[in-house]
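Take a look at the structure below.
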Amino acid sequence: MKNRILTGVKPTGHSHVGNYFGAIKPAIEFTKQQEDECFYFIADYHALTTLKNKQEMQEYTYDIACTWLACGVDPNKVVFYRQSNVPETFELNWILCNVTPKGLMNRAHAYKACVEKNEAAGEDRDAGVNMGLYNYPILMAADIILFDSDFVPVGLDQKQHVEIARDIADYFNRKFGKTLKLPEPYIQKETATLVGLDGRKMSKSYGNTIGLFTTEEQLRKSINRIVTDSRMPGEPKDTDCPLFKLYSLFAGEEKSQEFAKKLQEGLGWGEAKKQLFEVANEYLKPMREKYFYYQSHRDEVDKILEEGAAKARIIARKTLARVRKAIGVE
Ligand code: ADP
Ligand code: TRP
């Protein structure tokens, strides 16, 4: 049996190195294994929970689409689409709402974090929380379940969401008979959580990212902003730091062993940042060219996404028919 691999990225900002190593690269590696069937998409309706601006929605949607294509998604080999072009998702979303206990949503990280922040500020616990945010994990469960996904490559921050999807599929099966596949998160240990420029998790929402497809100059500037300790050139430095982590992801095993040695011998942080820039730039350059190609050929991107959605909907309709039959709505 072929495994189904599925993942999505929401268009809430420009894609960054954390998205790439945490989710996009592991996902693309699956496409090299002929036996797997892969589904990659742009989670634009998930972005709507935070984005309330037409121009930004359009810009970031193209950004994520061009990112996937530049990183090596081959639309002939994978099903590559935009979530909003697959309306079956939203019908399944509603059905799943009816087997999802409210308490499960109360425990979801993103919602809980909002409540805790509000309580600490002495505000109403639900201040600023819309129902899109509250129901976010159910929509994500619909994305995953609609394609009978086996594995979902994500960063560690999304683990809980995939587990919730699994729980929801299980609740459904208990009520209506075995209909839905139970998905599993696929998380690579070494890239589960990449650290950003300020030492916190790299995230669009913290403004601490290294953009994946910026100009060379912006890349250099971002790398220069990585926080380091105050050790001077000549003092030995350990490799348990974000700068080394990034170097090793871009440069691979052999080169990073040499780099570790140089740090231990006292390489200065300034010089270390220059060397990180060199390897990062070399790695990203060919992808950057593809990215800008697609950005200036958006009609090609639109066509690829339309064709992807058509392929996705053939499968989505079948799952939905199975679900409708199970609940008695045919
Ligand atoms: P962000 O937190 O920047 O808004 P998204 O929520 O859109 O990113 O994440 C898209 C994918 O990238 C998810 O699978 C997520 O787990 C992964 N990801 C995001 N940030 C990181 C990170 N710092 N390290 C590893 N994976 C990450
Ligand atoms: N919630 C994910 C994120 O913030 C994006 C996403 C939406 C997703 N639907 C998905 C990821 C389905 C994997 C599978 O990054």
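Being a predicted model, the structure only gives us computed values, none of them experimental. We're numbering straight along the sequence, starting at 1. Just so you know, ligand 1 is whichever comes first in the structure, and atom 1 is the first atom listed for that ligand.
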Using every non-hydrogen atom in the two residues, find where L182 and R166 come nearest and quote the distance to one decimal.
O-NH1, 3.5 Å
Number the atoms of ligand 2 from 1 as they appear, then name those within less than 4.0 Å of a heavy atom of T7, with their elements.
11 (C), 13 (C)
Among protein heavy atoms, which sits nearest to atom 13 (C) of ligand 1, and what does the distance come to when rounded to 0.1 Å?
Q158 CG, 3.9 Å
If you have a sec, work out which protein heavy atom is nearest atom 1 (N) of ligand 2 and how many Å separate them, to one decimal?
Y136 OH, 2.6 Å
Can a cation-pi geometry be assigned to R4 and F39, taking NZ or CZ under 6.0 Å from the six-membered ring centre and within 45° of the ring axis?
no
Option from K181, K318, R322 for which side-chain hydrogen bond (donor to acceptor under 3.5 Å, both in side chains) with D148 holds
R322
Does H14 have its ring centroid less than 6.0 Å away from the ring centroid of F213?
no
Do side-chain atoms of T215 reach the backbone of Q218 as a donor and acceptor pair under 3.5 angstrom?
yes
Atom 4 (O) of ligand 1: closest protein heavy atom, distance to 0.1 Å, is K204 CE, 3.3 Å
Residue portion contacting ligand 1 (non-hydrogen atoms closer than 4.0 Å) for D157
side chain
Does H16 form a ring pair (Phe, Tyr, Trp, His ring centres under 6.0 Å) with Y20? I'd like the steps, not just the answer.
CA-CA 6 Å; H16 56 80; Y20 176 70; over 10 Å; no
What atoms of ligand 2 come within less than 4.0 Å of a heavy atom belonging to H46?
7 (C), 9 (N)
Of the listed options (H161, K10, M140, K204), which comes nearest to atom 10 (C) of ligand 2 when hydrogens are ignored and any heavy atom counts?
M140
Ligand 1 to K10, heavy atom cutoff 4.0 Å, flagged ligand atoms 6 (O), 7 (O)
More than 12 heavy atoms of other residues, nucleotides or ligands under 6.0 Å from CD of E35: is that the case?
yes
Can you hop from Y294 to Y81 via hydrophobic side chains spaced under 4.5 Å?
no
Report the part of T191 (side chain from C-beta onward, or backbone N, CA, C, O) that has a heavy atom under 4.0 Å from ligand 1; answer both or neither where that applies.
backbone
If we only count heavy atoms from C-beta on, is the R200 to V195 side-chain gap below 4.5 Å?
no
Can you list the atoms of ligand 1 that are under 4.0 Å from a heavy atom of A23?
11 (C), 12 (O), 14 (O)
So between T12, I24, N19, whose heavy atom ends up nearest atom 5 (P) of ligand 1?
N19
Which residue supplies the protein heavy atom nearest to atom 27 (C) of ligand 1, what is that atom called, and how far is it?
G18 O, 3.4 Å
Within-cut-off N or O pair, S203 and ligand 1, under 3.5 Å:
yes
Any N/O pair G155/ligand 1 closer than 3.5 Å:
yes
Mark up the atoms of ligand 2 that fall under 4.0 Å of a heavy atom belonging to I144, in ascending order.
12 (C), 14 (C)
Around atom 5 (C) of ligand 2, find the nearest protein heavy atom and jot down its residue, atom name and distance.
G8 O, 3.5 Å
How far apart are the closest heavy atoms of F90 and V86, and which atoms are they?
CE1-O, 3.6 Å
Could you tell me, atom by atom, which parts of ligand 1 come under 4.0 Å of a heavy atom of G22?
25 (C), 26 (N)
Do me a favour and list the nearest non-hydrogen protein atom to atom 24 (N) of ligand 1 with residue, atom name and distance?
L194 N, 2.7 Å
Where does A192 meet ligand 1, judged by heavy-atom distances below 4.0 Å: at the side chain, the backbone, both, or neither?
backbone
Here the atoms of ligand 1 under 4.0 Å from any heavy atom belonging to M202 are 20 (N), 21 (C), 22 (C), 23 (N)
Nearest-neighbour protein heavy atom for atom 2 (C) of ligand 2, which is reported as residue plus atom name and distance:
Q158 OE1, 3.3 Å
With a 6.0 Å cut-off (strictly less than), is the heavy-atom count around CD of E282, excluding the residue itself, greater than 12?
no
Between L139 and ligand 2, find which residue part has any heavy-atom pair under 4.0 Å and reply side chain, backbone, both or neither.
neither
Using a 3.5 Å cut-off on N or O atoms only, is K201 in polar contact with ligand 1?
yes
Which one holds for F39 and ligand 2: side chain close, backbone close, both close, or neither close, with close meaning a heavy atom under 4.0 Å?
neither
Establish, yes or no, whether the cationic atom of R220 lies under 6.0 Å from the six-membered ring centre of F277 and within 45° of the ring axis.
yes
Answer yes or no: is there an ion pair linking K290 with E300, defined by an N-O contact shorter than 4.0 Å?
no
Side-chain heavy-atom pair K285, E289 within 4.5 angstrom cut-off
yes
Can E37 and K2 be counted as an ion pair, charged N to O under 4.0 angstrom?
no
Run the numbers for me: atoms of ligand 2, each under 4.0 Å from some heavy atom of A43, listed by number.
7 (C)
Could you list which atoms of ligand 1 come closer than 4.0 Å to a heavy atom of T193?
24 (N), 25 (C)
For atom 9 (N) of ligand 2, find the nearest protein heavy atom and state the residue, atom name and distance (0.1 Å precision).
D143 OD2, 2.7 Å
Does atom NZ of K54 have more than 12 heavy-atom neighbours from other groups under 6.0 Å away?
no
So the atoms of ligand 2 within less than 4.0 Å of a heavy atom of V152 turn out to be 13 (C), 14 (C)
